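These numbers were taken from a predicted model, which means no experiment stands behind them.
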Amino acid sequence: MAEDKFEQAVIDKLKNEGWEYLTDYSGVTVDRLYDHWRDILNANNRKRLEDTPLSDNKFEKVKLELTKNKTPYDAQLMLAGAGGVGTVPLNRDDGTQLELEIFYGDEVAGGRSRYEIVN
């Protein structure tokens, strides 16, 4: 099977499982994908962030935390989190630490979890 046909078959399968195919984000830069994820983080953590969206500096720190995952196992531990909610730590300007919610394992296929596909 040619690569493009395989890719389309995977997309079709995931769409049939309830994933959303984002054509507006397919074929875009990594920075644009990060901006989309940042919007999701801001929305999911609005109360934790006290209605103040992540600044460029803070979002860079979130991305830096992700690079600390050296193996798929490390990433899985971050996503699994405590009580089924994956978090990433964020130090605020006032010195306090905040845990941003990044994944809701207890809400698979519903709730606040979002499953999106791009290519």
TODO: Give the cluster check for Val30 versus Leu66: same hydrophobic cluster or not, with ILVMFWY residues linked at side-chain heavy-atom distances below 4.5 Å.
DONE: yes
TODO: Flag yes if Tyr21 and Tyr115 sit in one hydrophobic cluster, no otherwise; membership is Ile, Leu, Val, Met, Phe, Trp, Tyr, and two members link when side-chain heavy atoms are under 4.5 Å apart.
DONE: yes
Open item on the list: Side chains of Val10 and Ile117, heavy atoms from C-beta outward: is any pair under 4.5 Å?
Closed with: no
- [ ] Return the set of residues passing salt bridge (charged side-chain N to carboxylate O under 4.0 Å, His left out) with Glu65 (not counting sequence neighbours), or none when no residue passes.
- [x] Lys68
Open item on the list: Applying salt bridge (charged side-chain N to carboxylate O under 4.0 Å, His left out), can you list everything that pairs with Asp51, at least two apart in sequence or on another chain?
Closed with: Arg46
TODO: Determine yes or no for a side-chain-to-main-chain donor-acceptor pair under 3.5 angstrom, with Lys63 supplying the side chain and Lys58 the backbone.
DONE: no
Open item on the list: Restricting to side chain to side chain contact (heavy atoms under 4.5 Å, CB included), what partner residues turn up for Glu99, sequence neighbours left out?
Closed with: Arg48, Thr87, Pro89, Gln97
Open item on the list: Taking side chain to side chain contact (heavy atoms under 4.5 Å, CB included) as the definition, give me every residue that meets it alongside Leu33, ordered by chain and number, with sequence neighbours left out.
Closed with: Tyr25, Val28, Val118
TODO: Determine, using the 4.5 Å side-chain heavy-atom cutoff (strictly less than), whether Met78 and Leu64 are members of one ILVMFWY cluster.
DONE: no
- [ ] Look at the aromatic rings of Tyr34 and Phe59 and report parallel, tilted or perpendicular, splitting at 30° and 60°.
- [x] perpendicular
Open item on the list: Test your reading of the model: is there a side-chain donor-acceptor pair from Lys47 to the backbone of Asn44, 3.5 Å cut-off?
Closed with: no
- [ ] Assess the side chains of Gln8 and Asp12: does a donor N or O sit below 3.5 Å from an acceptor N or O?
- [x] yes
- [ ] Applying salt bridge (charged side-chain N to carboxylate O under 4.0 Å, His left out), name anything that partners Glu17, two or more places apart in sequence or on another chain.
- [x] Lys13
- [ ] Scan residues 73-83 for pairs that pass side chain to side chain donor-acceptor pair (under 3.5 Å), counting only residues two or more places apart or in two chains.
- [x] Thr71-Asp74
- [ ] Would you confirm whether Asn42, through its side chain, and Leu54, through its main-chain N or O, come within 3.5 Å as a donor-acceptor pair?
- [x] yes
